[in-house]
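Report on the following structure.
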Amino acid sequence: MAVINFGGVDENVVTREEFPLEKAREVLKNEVIAVIGYGVQGPGQSLNLRDNGFNVIVGQRKGGKTWDKAVADGWVPGETLFEIEEACKRATIVQYLLSDAAQIEVWPRIKPYLTAGKALYFSHGFGITYKERTHIIPPADIDVIMIAPKGSGTSLRRMFLQGRGLNSSYAIFQDATGRAKERVIALGIGVGSGYLFETTFKKEVYSDLTGERGTLMGAIQGLLLAQYEVLRENGHDPSEAFNETVEELTQSLMPLFAEKGMDWMYANCSTTAQRGALDWMGPFHDAVKPVFEKLYKEVACGNEAQRSIDTNSKPDYREGLEKELAALRDSEMWRTGAVVRKLRPENN
């Protein structure tokens, strides 16, 4: 483990150089890893583990769309693909990658198979951090660990196939065997992480829920829509409003500050753009920070978790979600975006 200074703060980090794939394989050579769930994280993590040479099986409800998707991805029923209970029975490490709501529902079915010495693995701290609400309370004689990739399972898989790695956090909630740390680091390397940084289950879920509702998804959509609406209300055509709001951001500027930082992106824009950005970032910061402070408090007190549990547990949740996503997809801004994407040179 290396100690690396991030902006003046020392943090514990594990890289693939100091914990190579060969070492990860050696640590887990006698383990059977069962990936439970084949939705958001399951495919990417299980396929990366399989391609990296680990002993992996998948547990999924037979007859559903995700079972068929697993078969299409090469998992063989009765050999590497099983019903959830059977997979848990065979496993020494259970990767619990169902949605938060599904984890609550399925927990009574998998708990009997979490026998002494096994490891229960999460990619999100939700179920454990809010255990008073989820009732996910692991047995005391198993390891409880987490690898949380900082992105979707789709991104994890794409970057793996490109020879790259998606950074992940890791945490240990319970070390019953004395091997929890080497197990979790080996799994982090196995699923294709770039580097691993240390956290706790609570810190992970607090930062994750804040980020998803904030700059990663909720806030960015609100910000983009507000600018798009102002431009449209002032006579700008949809194409101009979308290009100035979304296309230039995602296709031109984000790659620049992803590469070398915001200051470098600023330095590669016109002096007029630099002056305006420096003058206006303060008012935007002051306007939105109170919203982020309120959001973090809602996450920390459990209100956001309870809203998710209540909403996602409704029998008609999927139908309601599809309506909301359809409204987003069918909005003028994103209908314009669909046309703009088709006009990109790589699509012609």
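Note that the numbering runs from 1 along the sequence shown for the chain.
With sequence neighbours left out, N312 forms a side chain to side chain donor-acceptor pair (under 3.5 Å) with Y317. The ring pair (Phe, Tyr, Trp, His ring centres under 6.0 Å) test applied to Y130 returns F126, not counting sequence neighbours. Residues forming a ring pair (Phe, Tyr, Trp, His ring centres under 6.0 Å) with W334 (at least two apart in sequence, or on another chain): F242. Taking Y228 as the reference, nothing meets the ring pair (Phe, Tyr, Trp, His ring centres under 6.0 Å) condition, with sequence neighbours excluded. Here E240 pairs with H236 under the side chain to side chain donor-acceptor pair (under 3.5 Å) rule; sequence neighbours left out. Partners of F173 under the ring pair (Phe, Tyr, Trp, His ring centres under 6.0 Å) rule, at least two apart in sequence or in another chain, are F201. By the side chain to side chain contact (heavy atoms under 4.5 Å, CB included) test, S252 is found to be paired with E248, residues two or more places apart in sequence or in another chain being considered. Residues passing the side chain to side chain donor-acceptor pair (under 3.5 Å) test with E26, sequence neighbours excluded: K29. Listed by chain and number, the residues in a side chain to side chain donor-acceptor pair (under 3.5 Å) with K260 amount to none (sequence neighbours excluded).
Proximity of I33 to N55: side-chain heavy atoms (C-beta onward) are nowhere separated by under 4.5 Å. Between T271 and Y266, every side-chain heavy-atom pair lies at or beyond the 4.5 Å cut-off. Here the side chains of V13 and V3 are not in contact, with every heavy-atom distance at 4.5 Å or above. Within the 4.5 Å cutoff, no side-chain heavy atoms of I104 are placed close to those of H135. With contacts defined as side-chain heavy-atom distances shorter than 4.5 Å, the pair L209/H124 qualifies. For the pair V184 and I172, the minimum side-chain heavy-atom distance is below 4.5 Å. For the pair S169 and E198, the minimum side-chain heavy-atom distance is 4.5 Å or more. At a threshold of 4.5 Å between non-hydrogen side-chain atoms, the residues V27 and R179 count as touching.
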Going by atom type alone, with no hydrogens or angles, which donor-acceptor pairs under 3.5 Å involve a side-chain atom of residues 281-301 and a protein atom two or more places apart or on another chain?
unit_1 : atom_1 : unit_2 : atom_2 : d
E298   : OE1    : N303   : ND2    : 3.4
E298   : OE1    : R307   : NH2    : 2.9
E298   : OE2    : N303   : ND2    : 3.3

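The two residues R183 and A119 come nearest to each other via the heavy atoms NH1-CB, 3.5 Å. Closest of all the heavy-atom pairs between L98 and G37 is CD2-CA, 3.6 Å. In terms of heavy-atom proximity, I36 sits nearest to C88 at CD1-SG, 3.8 Å. When all heavy atoms are compared, the tightest approach of A116 to D141 is CB-OD2, 3.3 Å. Pairing each heavy atom of P149 with each of Q41, the nearest pair is CG-OE1, 3.8 Å. The minimum heavy-atom distance between A186 and A24, with the atom names listed, is O-CB, 3.6 Å.
Note on D330 versus K323: no salt bridge recorded, every NZ/NE/NH1/NH2 to OD/OE distance being 4.0 Å or above. The pair E247-R341 fails the salt-bridge criterion, with no side-chain N (NZ, NE, NH1 or NH2) lying under 4.0 Å from an Asp/Glu carboxylate O. Using a 4.0 Å cut-off between charged side-chain N and carboxylate O, R335 and E332 make no salt bridge. D143 has no carboxylate O lying under 4.0 Å from a charged side-chain N of K118, or vice versa, which leaves the two without a salt bridge. Here E18 does not pair with K23 in a salt bridge; the nearest charged N to carboxylate O distance is not below 4.0 Å.
Tracing side-chain contacts under 4.5 Å through hydrophobic residues (I, L, V, M, F, W, Y), one reaches Y121 starting from V56; they form part of the same cluster. Transitive grouping of hydrophobic side chains (ILVMFWY, heavy atoms separated by less than 4.5 Å) brings I145 and L49 into a common cluster. By the criterion of side-chain heavy atoms lying less than 4.5 angstrom apart, applied directly or through intervening Ile, Leu, Val, Met, Phe, Trp or Tyr residues, V76 is not grouped with I57; the two fall into different hydrophobic clusters. When the side chains of ILVMFWY residues are joined at heavy-atom separations under 4.5 Å, either directly or via intervening members, F54 and F82 end up in two distinct hydrophobic clusters. Clustering ILVMFWY residues whenever any of their side-chain heavy atoms sit less than 4.5 angstrom apart, transitively, puts I93 in the very cluster that holds V191.
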Please determine whether side-chain contact (heavy atoms from CB on, under 4.5 Å) holds for the pair R329 and E324, giving the CA-CA distance in whole Å, both sets of side-chain angles, and the decisive distance to 0.1 Å.
CA-CA 9 Å; R329 182 174 60 248; E324 290 182 278; over 6 Å; no
Under the side-chain contact (heavy atoms from CB on, under 4.5 Å) rule, what do Q95 and Q45 come out as? Steps first, then yes or no, please.
CA-CA 9 Å; Q95 293 195 212; Q45 293 200 32; 3.1 Å; yes
Decide side-chain contact (heavy atoms from CB on, under 4.5 Å) for Y206 and K202; before the verdict, give the C-alpha distance in whole Å, the side-chain angles of both, and the deciding distance to 0.1 Å.
CA-CA 6 Å; Y206 283 13; K202 181 181 286 188; 3.6 Å; yes
Pair L231, E244 - check side-chain contact (heavy atoms from CB on, under 4.5 Å), show working.
CA-CA 9 Å; L231 291 173; E244 200 60 48; 4.3 Å; yes
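The environment of NZ in K111 is crowded: more than 12 heavy-atom neighbours from other residues, nucleotides or ligands sit within 6.0 Å. In the displayed structure, K150 atom NZ is contacted under 6.0 Å by more than 12 heavy atoms of other residues, nucleotides or ligands. Annotation for E105: atom CD does not count as buried by contact number, only 12 or fewer foreign heavy atoms lying within 6.0 Å. Counting heavy atoms of neighbouring residues, nucleotides and ligands inside a 6.0 Å radius, atom CZ of R232 exceeds 12 of them.
Remark: side-chain polar atoms of S207 are paired, donor with acceptor, to backbone N or O of E204 under 3.5 angstrom. N5 contributes a side-chain N or O that, together with a main-chain N or O of G8, makes up a donor-acceptor pair within less than 3.5 Å. Under the 3.5 Å distance criterion, the side-chain polar atoms of T250 are matched with a main-chain donor or acceptor of V246. Judged purely by atom type and a 3.5 angstrom limit, S123 uses its side chain to pair as donor or acceptor with the backbone of I147. A donor-acceptor distance shorter than 3.5 angstrom exists from the side chain of N167 to the backbone of Y195, with no hydrogens or angles considered. Using modelled atom types, one side-chain atom of T200 and one backbone atom of K203 make a donor-acceptor pair closer than 3.5 Å. Without hydrogens or angle criteria, Q174 side chain to P139 main chain gives a donor-acceptor distance under 3.5 Å. Of the possible polar contacts, one joining the N52 side chain to the G190 backbone as a donor-acceptor pair under 3.5 Å is found. Using modelled atom types, one side-chain atom of S46 and one backbone atom of P43 make a donor-acceptor pair closer than 3.5 Å. The closest donor-acceptor contact from the side chain of S308 to the backbone of E304 lies under 3.5 Å.
Alongside L216, the hydrophobic cluster contains M217 (criterion: ILVMFWY side chains under 4.5 Å).
Counting only residues at least two apart or in different chains, side chain to side chain donor-acceptor pair (under 3.5 Å) contacts with residues 67-90 comprise Y38-D73, Y38-W75, K69-D73, E85-R109, E86-R90.
Note that CG of L120 is 5.5 Å distant from CD1 of I110, once rounded to the nearest 0.5 Å.
Using bins of under 30°, 30° to 60° and over 60° for the plane-to-plane angle, the ring pair F122/Y96 lands in the perpendicular bin.
The side chain to side chain contact (heavy atoms under 4.5 Å, CB included) with M146 is formed by just one residue from the set T199, L187, I128; it is T199.
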